[in-house]
Protein chains: 2
Amino acid sequence: MVTVPHSPASARPTITRKDVARLAGVSTAVVSYVVNGGPKRVSPVTAAKVREAISALGYRPNAAARALKLGSSEMLGMVVPDTTNPFFATLARAVEEAAAARGYALLLANSGGSAANERRQVRNLASRRVDGVFLSSVLFEPDLTELEHSEIPAVLLNHSSEVPGFNSVGVELLEGSRRAVEHLVGHGHRNIALVMGMNSGNDLDAREVGWQQGLAEAGLPEGPILRCDFDRQGGYRAGQRLLASADRPTAVFVSSDLQAVGLLRAVSEAGLRVPEDLAVFSFDGSAEAEYSWPPLSTVVQPVQAMAEAAVEALIDFDGVSPTRNRIFPVDLVLRASCGCVPVPAAAAAAPGLPAGPAS
Amino acid sequence: MVTVPHSPASARPTITRKDVARLAGVSTAVVSYVVNGGPKRVSPVTAAKVREAISALGYRPNAAARALKLGSSEMLGMVVPDTTNPFFATLARAVEEAAAARGYALLLANSGGSAANERRQVRNLASRRVDGVFLSSVLFEPDLTELEHSEIPAVLLNHSSEVPGFNSVGVELLEGSRRAVEHLVGHGHRNIALVMGMNSGNDLDAREVGWQQGLAEAGLPEGPILRCDFDRQGGYRAGQRLLASADRPTAVFVSSDLQAVGLLRAVSEAGLRVPEDLAVFSFDGSAEAEYSWPPLSTVVQPVQAMAEAAVEALIDFDGVSPTRNRIFPVDLVLRASCGCVPVPAAAAAAPGLPAGPAS
DNA sequence: CCCCAGAGGTCCACATGAATGTCCCCGCAT
DNA sequence: ATGCGGGGACATTCATGTGGACCTCTGGGG
C-alpha cells in the first residue's frame, strides 16, 4: 500500500459548516455568507480563506438541514403512469433537465395508471416535501381535491383541458388529430378507423373528437373505433381486430405511437402492407416511430417546450394569479406509413438517395 | 359552488409534531413514539388519541427534519446514461420499485453518457445526501476513486466485471453473447458480423469476447465488426455499412435491442429480408424487441432480479464485508429474426395459429 | 493640527426550523 | 419500599440569517 498524498477529504465523519469555520478561522455564519453570497458582505481575503477550507475539506452543505431551514427541498416530484413508455420517458427526461437547469432535482414516481397508486405516490412525494408536483397520470377528481387542500402546488402535464385551480400544460390534441385525419382523407381514404387508448378519465379524449371532426369536415361517415390499452400489445390486438373486420378500413388513426407499433406488427403478421393495404397515422412523435417499419407518420408533441413550460408554471407560480392551461401546437411529421414518403425499400431498390430518418 | 364538509386539513401553515401533541394533549416525544413505534411504549389509549390527532390534522412528519436527525434521507440516487433508452428505463423502473418496497425513493439522473456529466450528477446526488447511488453509466476511474472517498455507498448496476471496492451487479455478458452466436452457427451461418456499441470505458466489452469465443468454438473466422453508438441511429448506420460491404455476412450479433431495431430498418430499406438475407440476434430482451419486424431473437437480461439484487446490495451493505460482483444468468428468447420461429407473416398467409408475442 | 464622534464594513453569537431519542421523573402496583 | 410502565424536558442534527459587537477610517470641530 502506497501512501497516497491526494485528496485531503478522506473524511470519515461528515464535514459540517463548523469544520470549515474552524479551519478558516471564522464563524459559521461567515461560511454561510460565502457559500450562498450571503445576506452580508465578506471581505475578499476572508472569503478566499473560507473557499479554500471548503475545497480542502470537500464540504458540501447538508441538504436536509438546508431544506429544513429554508422550507424548500429544492426537489420536484413527477407522477407518470409508466416511465417505460417512451413518451413519458421522454417527457420525464425533458422535465428533469428543465428542473435541473433551475436547481431542482426530480423525484420520479410510476403510478402504473391506477388512481390508487397515483394517490399513494402523491402522498409519498408530499411527505418528502417536494416543492411541487407534475401530474402526468390518470387524473381523478378525488386526487385533485386532495391536492388542492395540500399546500403543495401541482401542474397537470400532458393534460389538454382546463381544470380550475390547476395550471396545466397540454397540446392541441383535437387539432392535431383532426389534421392527421384530414391528411389521410387527402390521400383519398374514405374509411378511416380509430384506434383509441382507454382513458381512465371520464371525459372523451380530444383525439377522438378530432378524428370525428376530421371525418365530418370531409363529409365522411365515422369508421370503426377500436379501444385498447395505451401500449404495444393493446395496439397489436386492436390491429388484429381491425384487420379481421368485414369492411376493412383503408386507413387508421392511432392515439399513440406505441399502439401504432403494435398495430404495425399485426398488419405485418397478416401479410398486409402499410400504407398500401392500410395507411397509418399516429400521435406523439416519439423516437420509436422513426424506426418502425415502415416509419410512422405521426403528430409530434413539442415535449421539450412543454416540459419547460411546466417547470416554469410550477416554480414561478405565486399561488394567487389565475391558473391557466397552456396548449402547445403540434406538428405533423410525414413518413411512409401514411403514403406520403415512398416506402424507403422502393427507393433503395432503385438506387438513389436513401430516405434517411427525418431530422 | 357547494360547501364541501370534507378534510379538516385545510391547514394553511405547516402542521408539525407540536400541533399534534397539543391536540392530543401529550408531549411531542410521545407523538414520535407513536409515529415510528418509538423506542418507548405508549399506552393504547394515548396512542389512539395521538393517531386521531394525526389524521385529524393530516400530519406528515417533515422529511427534512427527519433526514437531518437520522442522518438518512431515505432516498437513493441512480445515474444512467439515458432514461429514454428502453433498457435503462426498464432498469430504472425496476430499481424504483425495489427501492420503494423498502421505503426508499429514487432520484434519477441522466448523464448523457458523458463522464463529466456523470461526475456532476454524482456530486449533485451526494450533496442531496442520498443514502446510496446506483451507477449504470460510464464508469471512469476518476469517478470511482472520488466516490470511494465520499462516504456514500455505491453499487455498479449493469456492470459485469469485478471492480475492487464496489459491489456490482451484472449479467453473463460473455456467456449470453457466446450462446447467441452459437445459436446463429446452429442455423448454418458461417459469416457472422458484430455490431457493437461503443463503450466509453477502456476495457473490451464482454459481448465482443463472447462473440469471438462463439466463433472460435465453431472454428469460424471472425466476421466484420461494426462499431457505433448505443442507439437506434447507431444501429441503423452500422446496418447500412454492413449491407454495403463486399462480402456481406449472413448473420449479425448486435450488442443491444435498440441498435438492432435501427439495423432492421436499414435492412428493410435495402429491400432485404430478415432472417433470409440476414439473421439477427441481439441483446437485452427489451419490450421493443418483441414488436419490431420481424420480432427480434434476443438475449434477455433478468432486469427485475438485477434491480432487486442491486437495491439489496446497496441498502444492506455494512461497509466492511468484501464487495462482490453478482452476475445473473441470461436467457435466449427465440423469435423470428434468427430464423427459428417462422416469420409470422408466413404463418398468417396459411391460416393457422397466429404466433403471438412470446410471453 | 489633533482628537473624537460617527459611519461603515466585517464578523460573531444565537435563535430558529422539525424531529429524534436519551435521561429523568412521577405515580401506581406489588 | 421499590420496581417499572408511561410520559416529559431537553440536547442534538446542520444550516440560515438577524441583531448586535467590534474595529477602522474619515470628517469636522476645537
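Proteins come first, then strands; the chains are lettered A, B, ... in the order of their sequence lines, and each starts at number 1.
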Q | Set of side chain to side chain contact (heavy atoms under 4.5 Å, CB included) partners for A/Ser72, sequence neighbours left out | A | A/Glu74, A/Asp131
Q: Ignoring backbone atoms, test whether A/Arg41 places a side-chain nitrogen or oxygen under 4.0 Å from the OP1 or OP2 oxygen of C/dG9.
A: no
Q. Who pairs with B/Arg120 by side chain to side chain donor-acceptor pair (under 3.5 Å), at least two apart in sequence or on another chain?
A. B/Asn117
Distances under 3.5 Å between nitrogen or oxygen atoms of protein and nucleotides 19-21 of chain D:
residue: D/dG19; atom: O6; partner: A/Lys40; partner atom: NZ; Å: 2.3
residue: D/dG20; atom: O6; partner: A/Lys40; partner atom: NZ; Å: 2.3

Q: Figure out the CZ/P separation between B/Arg22 and D/dG8, and round it to whole Å.
A: 14 Å
Q.
For residues 30-48 of chain A, which residue pairs pass the side chain to side chain donor-acceptor pair (under 3.5 Å) check, not counting sequence neighbours?
A. A/Ser43-A/Thr46
**Q.** Pairs flagged by side chain to side chain donor-acceptor pair (under 3.5 Å) wherever residues 21-31 of chain A is involved - sequence neighbours left out
**A.** A/Arg17-A/Thr28, A/Asp19-A/Arg22
**Q.** Axis bend over the full length of the helix from C/dC1-D/dG30 to C/dT30-D/dA1, computed from five pairs that close each end, to 10 degrees
**A.** 60°
(Q) Listing request: all salt bridge (Lys or Arg N to Asp or Glu O under 4.0 Å) pairs with a residue in residues 100-113 of chain B, at least two apart in sequence or in separate chains. (A) B/Arg102-B/Asp316
Q.
So if I define the base as every atom that isn't primed, P, OP1 or OP2, how would nucleotides 15-20 of chain C read as a B/S/- string at a heavy-atom cutoff under 4.0 Å?
A. -BBBBB
Q.
So, applying side-chain contact (heavy atoms from CB on, under 4.5 Å) with B/Val26, which one of B/Val42, B/Val31, B/Val34, B/Val20 is it?
A. B/Val31
Q: Sequence neighbours left out, what passes side chain to side chain donor-acceptor pair (under 3.5 Å) with B/Asn110? Give chain and number order.
A: A/Glu96, B/Thr83
**Q.** salt bridge (Lys or Arg N to Asp or Glu O under 4.0 Å) against A/Glu97, all qualifying residues, sequence neighbours excluded
**A.** A/Arg93
Enumerate, atom names and distances included, each donor-acceptor pair closer than 3.5 Å involving a side-chain atom of residues 57-70 of chain B, sequence neighbours excluded.
residue: B/Asn62; atom: OD1; partner: B/Ala64; partner atom: N; Å: 2.6
residue: B/Asn62; atom: OD1; partner: B/Ala65; partner atom: N; Å: 3.2

Q | Pairing residues for B/Gln121 by the side chain to side chain donor-acceptor pair (under 3.5 Å) criterion, not counting sequence neighbours | A | none
